[in-house]
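As structure tokens, the structure follows; a few thoughts come after it.
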Amino acid sequence: GEPDDVAYIAMEYLSGTTLRDLMDKGPMPFDLVLDTAIQMAEALAFAHEHGVTHRDVKPANVIITGSRGRIKLTDFGIAHLSNSEKTHAGLMLGSPRYMSPEQARGREVSGRSDIFSLGAVLYEMVTGQCAFGGDSLPAILYRVINEMPIPPKSQRQDLPDAFADMLMRMLNKNPDERPYARAL
């Protein structure tokens, strides 16, 4: 709102913890990973179906609320609206460890860029390791653009094959090879 030339934003207050806080404790139980993945995919599907690409899916932007662990995807501050001309290709926006290769290159993004980011989050949830680690920004971006992470089953044998395969499809360098959020 903007009454009397004073702008304000009213938002829902979310009590809870961030996914980052939980992930800092190490690999998470698979049932919790799966529940989180489903809720995040539903949130992204809703956004994508309404022409919004988040562009900054990362653990710190996921709040876990209530006693049942309801997921809230937050911080749409750099989101792209499909009918907007406000953001253009050529800008590298997002968090390097979780951004898609097309984001890292400053290219056009779509909902499938968010799927890559969600895949990087899920990978870290199940393995306790960043999918694209490194000790410098160039090293991280090089890995995001050019390298696939170690298959998650090699680090966590209890993962179902279907989940591990889906996770690697989410992290495919080619956005056309990634699933849509609704399909997840």
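Quick note: numbers below take in every heavy atom, side chains included, and nothing from hydrogens, waters or symmetry partners.
- Residues Tyr123 and Met23 are members of one and the same hydrophobic cluster, defined by side-chain heavy-atom contacts under 4.5 angstrom among Ile, Leu, Val, Met, Phe, Trp and Tyr.
- When every heavy atom of Thr53 is checked against every heavy atom of His48, the shortest pair comes out as CA-CD2, 4.3 Å.
- Once rounded to the nearest 0.5 Å, the distance linking OG1 of Thr36 with CD1 of Ile71 reads 4.5 Å.
- Without hydrogens or angle criteria, Gln157 side chain to Ser154 main chain gives a donor-acceptor distance under 3.5 Å.
- Distance alone, capped at 3.5 Å, is enough to place a donor-acceptor pair between the His54 side chain and the Thr74 backbone.
- Follow the hydrophobic side-chain contacts under 4.5 Å out from Val33 and you reach Ile38 in the same cluster.
- The nearest pair of heavy atoms linking Met170 to Ile115 is CE-O, 3.6 Å.
- Listed here is the closest heavy atom pair of Ala104 and Leu141: CB-CD2, 3.9 Å.
- Residues Tyr180 and Phe46 fall into different hydrophobic clusters, defined by Ile, Leu, Val, Met, Phe, Trp and Tyr side chains chained together at heavy-atom separations under 4.5 Å.
- Separating the CD1 atom in Ile64 from the CG atom in Leu22 is a distance of 4.0 Å, to the nearest 0.5 Å.
- Interatomic distance, NZ of Lys153 versus CG of Leu159, reported as 6.5 Å (0.5 Å rounding).
- Arg20 and Tyr98 get closest at one heavy-atom pair: NH1-OH, 3.3 Å.
- The aromatic rings of Phe163 and Phe30 stand perpendicular to each other, their planes meeting at an angle above 60°, with 30° marking the opposite boundary.
- The closest side-chain heavy-atom distance from Val126 to Leu122 is not below 4.5 Å.
- Each of Arg178, Lys173, Arg107 was compared with Glu102 under the salt bridge (charged side-chain N to carboxylate O under 4.0 Å, His left out) criterion, and only Arg178 meets it.
- Both Met99 and Leu137 are assigned to one and the same hydrophobic cluster, defined by single-linkage of ILVMFWY side chains at heavy-atom distances under 4.5 Å.
- With hydrogens and angles ignored, the 3.5 Å screen pairs no side-chain donor or acceptor of Asp4 with any backbone N or O of Val6.
- Looking only at atom types and distance, the side chain of Thr65 has no donor-acceptor partner in the side chain of Lys72 under 3.5 Å away.
- Rounded to the nearest 0.5 angstrom, Gln39 CD and Arg70 CZ are separated by 4.0 Å.
- Within 6.0 Å of the CD1 atom in Ile150, the count of heavy atoms belonging to other residues, nucleotides or ligands does not exceed 12.
- Rounding to the nearest 0.5 Å gives a distance of 14.0 Å between CZ of Arg112 and CG of Leu118.
- Side-chain atoms of Asp56 come within 3.5 Å of backbone atoms of Ser95 as a donor-acceptor pair (strictly under, hydrogens ignored).
- In this structure, CD in Glu108 is found 8.5 Å from OG in Ser113, a value given to the nearest 0.5 Å.
- The nearest pair of heavy atoms linking Pro152 to Leu167 is CG-CD2, 3.9 Å.
- Both Met166 and Met148 belong to a single network of hydrophobic side chains, linked directly or stepwise wherever heavy atoms of I, L, V, M, F, W or Y lie under 4.5 Å apart.
- The two residues Ala181 and Ala45 have their closest heavy-atom pair at CB-N, 3.5 Å.
- Listed for the Gln103 side chain is no donor-acceptor partner under 3.5 Å among the backbone atoms of Val109.
- A donor atom on one side chain and an acceptor atom on the other are not found under 3.5 Å apart for Asp114 and Ser117.
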**Request:** May I have the step-by-step check of side chain to side chain contact (heavy atoms under 4.5 Å, CB included) for Met40 and Leu184, ending in yes or no?
**Result:** CA-CA 10 Å; Met40 288 180 69; Leu184 292 176; over 6 Å; no
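- Of the possible polar contacts, none joining the Arg105 side chain to the Ser100 backbone as a donor-acceptor pair under 3.5 Å is found.
- Under the 3.5 Å distance criterion, the side-chain polar atoms of Arg143 are matched with a main-chain donor or acceptor of Gly133.
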